[in-house]
Amino acid sequence: MRQSQAFLHTLRDDPSDAEVVSHRLLARAGFIQKLAAGVYSYAPAMTRVLQRVSQIVREEMNRAGAQEVLLPILQPKEIWEESGRWERYQKGGQLFSLTDHKGAEMCLVPTAEEAVTTLVKRSIASYRQLPVNLYQIHTKFRDEIRPRFGLMRGREFIMKDAYSFDADEAGLRESYAKMRVAYQRIFERCGLKFTIVQADAGAIGGSTTEEFMVNADTGEDTILVCDGCNYAANVEKAESKLPAGETGGEPKPMHLEATPGDKSCEQLSKRFSLAVSRMIKTVLFRAVYAEREETVAVLMRGDLDVNEVKVANALGALAVDLADDVRVRAATGAEPGFAGPVGIKPGVKVLGDLSIQGMTNFLCGANKTDYHLLDVNFGRDVAMPEVRDLRKSKGGEGCPKCASGKLGETRGIEVGHIFQLGTKYSKAMSALFADDQQVQKPFVMGCYGIGVSRVAAAAVEQNHDKDGIVWPAPIAPWQVHVICVNPEDASQREAAERCERELEAAGFDVLHDDRVKVSPGVKFKDADLVGLPVRVVAGRDAKDGVVELKVRRTGAMAKVKLDAVTAEVKARLGA
RNA sequence: CGGGGCGUGGCUCAGCUUGGCUAGAGCGCAGCGUUCGGGACGCUGAGGUCGGAGGUUCAAAUCCUCUCGCCCCGACCA
């Protein structure tokens, strides 16, 4: 490709609205352009990257036995009501819905369980036709509460979604295992460093589920990884050994103490010279269910934090969020900051974290403004609530799986997510097949997503330097950047053209900067920004049949005879 | 949803407080010339309903109201 002809327009300045590196560099290098919040146009260079990622995805999905389809992204409300997701997703405010000219409601879909289940149930009637795994690479829509970080959290994005249908759980586990392997191969082939973590199923549903996280400090997800074994989990899901707290000793009489203005454990710790782990904080939530809401009080040892996802799962709620002041006052009869289990209003559901077991003589809120209770004891002063693991694990805590490992806390970008769905959708949508006894059974499903556009952004997050992008070779828009320093010099022009011709003949995608009257500095700066893995510079040595070869990532530079260019480029690309 | 900020050529921004001549700069773009290995220089030039609507005024980019869009922060761990 001749750069003089290419639709590739770099920007001299950083776009003012770009916050994260990938957004800034992709916009500046002319790969993407914003059209609306969370909605981007992909220029040719970006399209090439997406095609490369897609091609890798396609090859590995096909290798794993999946078959490609294209499902509608504009879908009728009916099938979403069948699965029960219409109301839930609309309530969550993340579903783009619209009304057609005759008043029928439709939506732009975030995932395609309904459509694929419909497709399969009308086609497959027998266990003998199973298993099947169908996938597509298609645009998806989510009306994000707050789109941000460029391609990282867009409202429109490209996703590969796959759906497996098996006759039983064992088949599902097999399909899932195949996908897991395929995903590992995909991200390895994309040249990304990633971690597989246990995850929470969230709105999609299902049991076993793992996420593929690209390691990046700017990631939106926090992950905990054991340094001693292979345990790794998203913080939403992570467990850990309970850190030791101070013991309270033999029960003493409970007493009420004035604590004007002390709303935090730290303030109380100071006032009473009491370890924070001797306190129980009572965190009030609003739990939302399909048909109702309730107030829930979670009792947590003072030095630990509540994991809201675990609370929602323990309750079977659609969502939980922190109670607002009105709800807090209704539940406690006091201003926020003084909630406690003793004397909390009836109707408030109380749940305890495992950490409160065995605590004695603890401090907690008195449900009375400016008062706390000291030396409170379960059984005597207040009933022991049902306890569950509701704690948010943190880096530095002990691994839940092995004896001596410690959890490290890092961040990641979720680029893939695989689920063992089970029969949630097939049951709801009456997607049935006959088994060998002619018994009608629901398909056992799995679903598997990869954020294709997010993979490209994550690759930039993970691979860049101060000068620009450093594309991993397998997903670079072109592998080689031939730069003709001065095309008006015949020897330079001929050398560059020869390199382009021979490299393309050898199967490489080449971008040839043949622009006339563009200064060398501009060409080099642009090349750094665009970030192709190998650069071939035809410059002042061209008259002697010599060009320079430079590796973008390392900066390593070598002078190479024209005859050897193809071989040398091959060596550097590992091809 | 709450709070804050911003909308002025393709991009980055100044001008607005205190209303007043043909609305500015840099970059980019076009032409000419000089340059030619890390975002060169000179000259000439094109390009703007100042987000939109309404209002105040002799006069509005500037003041007021409404509206649309975009960005950031937050959603209170008691």
Assess whether atom OH of A:Tyr371 is packed by more than 12 heavy atoms of other residues, nucleotides or ligands within 6.0 Å.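 No - once you tally the heavy atoms of other residues, nucleotides and ligands closer than 6.0 Å, there are 12 at most.
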| So, A:Phe378 versus A:Phe362, ring centres under 6.0 angstrom or not? |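 Centroid distance A:Phe378-A:Phe362: below 6.0 Å, so yes.
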Practice task
Please confirm whether A:His23 and A:Phe149 have ring centers closer than 6.0 angstrom.
Solution key: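 When the ring centroids of A:His23 and A:Phe149 are compared, they turn out to be at least 6.0 Å apart.
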Base-pairing assignment for [N] (Watson-Crick or G-U wobble, both under 3.5 Å):
| N | value |
| --- | --- |
| B:C29 | B:G45 |
| B:A59 | none |
| B:C36 | none |
| B:C6 | B:G69 |
| B:A75 | none |

Between atom [atom1] in [X] and atom [atom2] in [N], what is the gap in whole Å?
| X | N | atom1 | atom2 | answer |
| --- | --- | --- | --- | --- |
| A:Asp17 | B:C13 | CG | P | 9 Å |
| A:Asp303 | B:A78 | CG | C1' | 15 Å |
| A:Arg493 | B:C36 | CZ | P | 19 Å |
| A:Lys34 | B:C71 | NZ | C1' | 7 Å |
| A:Arg540 | B:C36 | CZ | P | 12 Å |
| A:Asp321 | B:A75 | CG | P | 13 Å |
| A:Asp14 | B:C13 | CG | P | 10 Å |
| A:Arg12 | B:A40 | CZ | C1' | 10 Å |

Taking the [atom1] atom of each, how far is [N] from [M], in whole Å?
| N | M | atom1 | value |
| --- | --- | --- | --- |
| B:C64 | B:A23 | P | 23 Å |
| B:G24 | B:C32 | P | 27 Å |
| B:C16 | B:A75 | C1' | 34 Å |
| B:U17 | B:G33 | C1' | 46 Å |
| B:U67 | B:C29 | C1' | 34 Å |
| B:C63 | B:U18 | C1' | 11 Å |
| B:G39 | B:C1 | C1' | 44 Å |
| B:C50 | B:C13 | C1' | 14 Å |

Note to self: Going by salt bridge (Lys or Arg N to Asp or Glu O under 4.0 Å), name the residues that satisfy it together with A:Asp370, two or more places apart in sequence or in a different chain.
What the structure shows: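 Salt bridge (Lys or Arg N to Asp or Glu O under 4.0 Å) check on A:Asp370 returns nothing, list empty.
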Closest nucleotide among [options] to the [X] side chain:
| X | options | value |
| --- | --- | --- |
| A:Pro336 | B:A78, B:U12, B:C71 | B:A78 |
| A:Val485 | B:G37, B:C77, B:C11 | B:G37 |
| A:Glu488 | B:C76, B:A78, B:C36 | B:C36 |
| A:Val306 | B:C72, B:G37, B:C77 | B:C77 |
| A:Val537 | B:C70, B:G37, B:C72 | B:G37 |
| A:Leu11 | B:C11, B:G37, B:A78 | B:C11 |

Is a side-chain donor-acceptor pair under 3.5 Å present for [Y] with [X]?
| X | Y | result |
| --- | --- | --- |
| A:Asn377 | A:Thr360 | no |
| A:Asn234 | A:Asp200 | no |
| A:Thr295 | A:Arg327 | yes |

So what does [X] touch, heavy atoms closer than 4.0 Å: a base, only the sugar-phosphate, or nothing?
| X | answer |
| --- | --- |
| A:Glu335 | nothing |
| A:Ser16 | sugar-phosphate |
| A:Arg535 | base |
| A:Val298 | nothing |

**Request:** Using the closest heavy atom to pick a nucleotide of RNA chain B for each, name whichever of A:Thr10 or A:Gly365 lands nearer the 5' end.
**Result:**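 Mapping each residue to its closest nucleotide by heavy atoms, the 5'-most match is A:Thr10.
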First of A:Arg28 and A:Leu304 reached from the 5' end of RNA chain B, by closest nucleotide: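 The answer here is A:Arg28.
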Notebook entry, point to check: With a 4.0 Å cut-off, would you call A:Glu19 and A:Arg24 a salt bridge?
Noted result: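 No, this pair does not count.
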**Q.** Salt-bridge criterion met for A:Glu220 and A:Arg153 (N-O under 4.0 Å)
**A.**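 Yes.
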| message | Just to be sure I understand the geometry, which residues of residues 517-532 of chain A put a non-hydrogen atom under 4.0 Å away from RNA chain B? | response |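 Nucleic-acid contacts, sorted: A:Ser519, A:Pro520, A:Gly521, A:Val522, A:Phe524, A:Lys525, A:Asp526, A:Asp528, A:Leu529.
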task: Report the C-alpha distance between A:Leu35 and A:Tyr40 in whole Å, list the side-chain angles of each, state the deciding distance to 0.1 Å, and finish with yes or no for side-chain contact (heavy atoms from CB on, under 4.5 Å).
output: CA-CA 5 Å; A:Leu35 191 61; A:Tyr40 291 83; over 6 Å; no
*Reckon A:Lys281 has a side-chain N or O less than 4.0 Å from the OP1 or OP2 of B:A78?*
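The answer is yes; a side-chain N or O of A:Lys281 sits under 4.0 Å from OP1 or OP2.
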Report yes if a side-chain nitrogen or oxygen of A:Ser264 is closer than 4.0 Å to either non-bridging phosphate oxygen (OP1 or OP2) of B:C77; otherwise report no.
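For B:C77, OP1/OP2 do not have a side-chain N/O of A:Ser264 under 4.0 Å.
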field: Under the side-chain contact (heavy atoms from CB on, under 4.5 Å) test, residues paired with A:Val276 that sit two or more places apart
entry: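 If we apply the side-chain contact (heavy atoms from CB on, under 4.5 Å) test to A:Val276, skipping adjacent residues, the hits are A:Cys265, A:Ser269, A:Asp303.
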Quick tally for nucleotides 44-52 of chain B: nucleotides whose base has a protein heavy atom under 4.0 Å get B, sugar-phosphate-only ones S, the rest -, giving ---------
Please, which pairs that meet salt bridge (Lys or Arg N to Asp or Glu O under 4.0 Å) have at least one residue in residues 482-496 of chain A, sequence neighbours excluded?
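Listed by first then second residue: A:Glu488-A:Lys517.
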Handout entry: Under 3.5 Å donor-acceptor pair, A:Lys550 side-chain atoms to B:G38 base atoms
Key =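 By the distance-only test, yes, there is a pair.
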List in chain and number order the residues that pass side-chain hydrogen bond (donor to acceptor under 3.5 Å, both in side chains) with A:Arg515, two or more places apart in sequence or in another chain; answer none if no residue qualifies.
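Testing A:Arg515 for side-chain hydrogen bond (donor to acceptor under 3.5 Å, both in side chains), a comparison that skips the adjacent residues, returns A:Asp513, A:Asp526.
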